[in-house]
Amino acid sequence: MSILLYFILTSRRKIGLKNIELALGVDRAKAKNILFKTYLYFAKMVAINIKYLGNKKFIEKHFKIEGLENFEEVLAHNRGVIFTTAHFGNFEMLVCGFAVLKQSINVMVRPLDNMALDRLVLNLRQSCGNNIVSSRLSTFEFLNMLKKNQILGILADQYGGSKGLEVDFFGKKAKSSEGIAILSYKNKTPILPAYLKEEGKTYKIVIKKPIYPKDEPFRQAVYTIMRSIYAEFEDWIKKEPTKYLWMHNKWKT
């Protein structure tokens, strides 16, 4: 199936190749190799998620957490917790695993256009015990969650639209959605970058050091937060480029 999609989805393949060449500075042959392996990886990821997402026995047996002290540090501030990750590795199992092993998360998602598919995906995501919240909620509603010391999970590498904040990503300007940085700045909530590391049959939830909002003017502070997040993402992606979803138009201007 992944091989078929690679050859059928021509427009996505072109975007993926352009993004890989732009970000990693590789030639077309190397980019094709990386992109093909990316399709294989995400096809496998979907199969795993269909089978095991929400399977608490599987998660309790095969999952563990590294960097839990970083989570405890942020939680102790009583200003909520903001987890962030990229479309890197199995980001769906990342939040699912944390909910089963530790605590449920308010996972921010954009509702799908197809209502039937949206309900199916919603049920899968909620099967772990997480609360799925629409990205269309107001800033006030998200701040209210944080003020209650709840956990918010946000994918922060999505295209931010023509009015998005320009942030360096692999040395190139990318339009980013700055909502996560605004929430962090307004509520003084640290951000925890996290990803899922696969080691054979073991899945390790890796929680990195917190990113604290700096005491800077608003616009500068927002940029600093977003650049710190993107720097983390770059580090992960450079080490395992075939586990990043290159097919989204990250550098669209």
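Please read these numbers as outputs of a predicted model, since none were measured by experiment. Note that these values count all heavy atoms, side chains included, but never hydrogens, waters or copies made by symmetry.
- N187 and K147 are linked by a side-chain donor-acceptor pair at a separation below 3.5 angstrom, with hydrogens and angles left out of the test.
- With sequence neighbours left out, E73 forms a salt bridge (Lys or Arg N to Asp or Glu O under 4.0 Å) with no residue at all.
- Linking ILVMFWY residues whenever their side-chain heavy atoms come closer than 4.5 Å, directly or via other members, leaves V46 and V107 in distinct clusters.
- A distance of 11.5 Å separates CD in E234 from CG in D157, rounded to the nearest 0.5 Å.
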Step-by-step ring pair (Phe, Tyr, Trp, His ring centres under 6.0 Å) determination, Y185 to F218:
CA-CA 8 Å; Y185 182 83; F218 174 68; 5.4 Å; yes
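- By the salt bridge (Lys or Arg N to Asp or Glu O under 4.0 Å) test, E232 is found to be paired with no residue, residues two or more places apart in sequence or in another chain being considered.
- Ion pairing between a basic and an acidic side chain is recognised when a charged N comes within 4.0 Å of a carboxylate O; E21 and K32 show no such pairing.
- With contacts defined as side-chain heavy-atom distances shorter than 4.5 Å, the pair V109/V133 does not qualify.
- With contacts defined as side-chain heavy-atom distances shorter than 4.5 Å, the pair E198/K243 qualifies.
- Distance check: M226 CE to I182 CD1 gives 9.5 Å after rounding to the nearest 0.5 Å.
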Check against side-chain contact (heavy atoms from CB on, under 4.5 Å), L152 and F142
CA-CA 8 Å; L152 187 59; F142 287 118; 3.8 Å; yes
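- Checked options Y195, F63, Y52; the residue passing with Y203 is F63 (criterion: ring pair (Phe, Tyr, Trp, His ring centres under 6.0 Å)).
- We find the CG-CD1 distance between L101 and I65 to be 5.0 Å, quoted to the nearest 0.5 Å.
- Contact annotation: the side chain of L24 approaches that of P241 to within less than 4.5 Å [non-hydrogen atoms, C-beta and beyond].
- Clustering of Ile, Leu, Val, Met, Phe, Trp and Tyr side chains at separations under 4.5 Å leaves Y212 isolated, with no partner residue.
- The distance between the ring centers of F71 and F98 falls below 6.0 angstrom.
- Between K18 and R13 the shortest side-chain heavy-atom distance does not fall below 4.5 Å.
- A salt bridge is absent between E60 and K57: the closest approach of a Lys/Arg side-chain nitrogen to an acidic carboxylate oxygen does not fall below 4.0 angstrom.
- By the rule that hydrophobic residues join a cluster once side-chain heavy atoms approach within less than 4.5 Å of another member, Y159 and I15 end up as members of separate clusters.
- To the nearest 0.5 angstrom, N144 atom CG is 12.5 Å from T139 atom OG1.
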Decide yes or no on side-chain contact (heavy atoms from CB on, under 4.5 Å) for E199 and K197, but give the supporting numbers first.
CA-CA 6 Å; E199 301 174 326; K197 186 174 183 179; 3.5 Å; yes
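- Note on R219 versus E178: salt bridge recorded, some NZ/NE/NH1/NH2 to OD/OE distance being below 4.0 Å.
- Ring-plane geometry between H62 and F58 is classed as tilted, the angle between the planes lying from 30 to 60 degrees on a 0 to 90 degree scale.
- T242 contributes atom OG1, which lies 11.5 Å from atom CD1 of I237 (distance to the nearest 0.5 angstrom).
- With a 4.5 Å cut-off on side-chain heavy atoms, M93 and L53 count as touching.
- Electrostatic pairing of K204 and E66 counts as a salt bridge here, judged by a charged N lying under 4.0 Å from a carboxylate O.
- Salt-bridge annotation for K239 and D235: present, with a side-chain N of the basic residue lying under 4.0 Å from a carboxylate O of the acidic one.
- K44 forms no cation-pi arrangement with F42, by the criterion of a distance under 6.0 Å to the ring centre and an angle within 45° of the ring axis.
- Between L165 atom CG and R227 atom CZ the span is 12.0 Å, to the nearest 0.5 Å.
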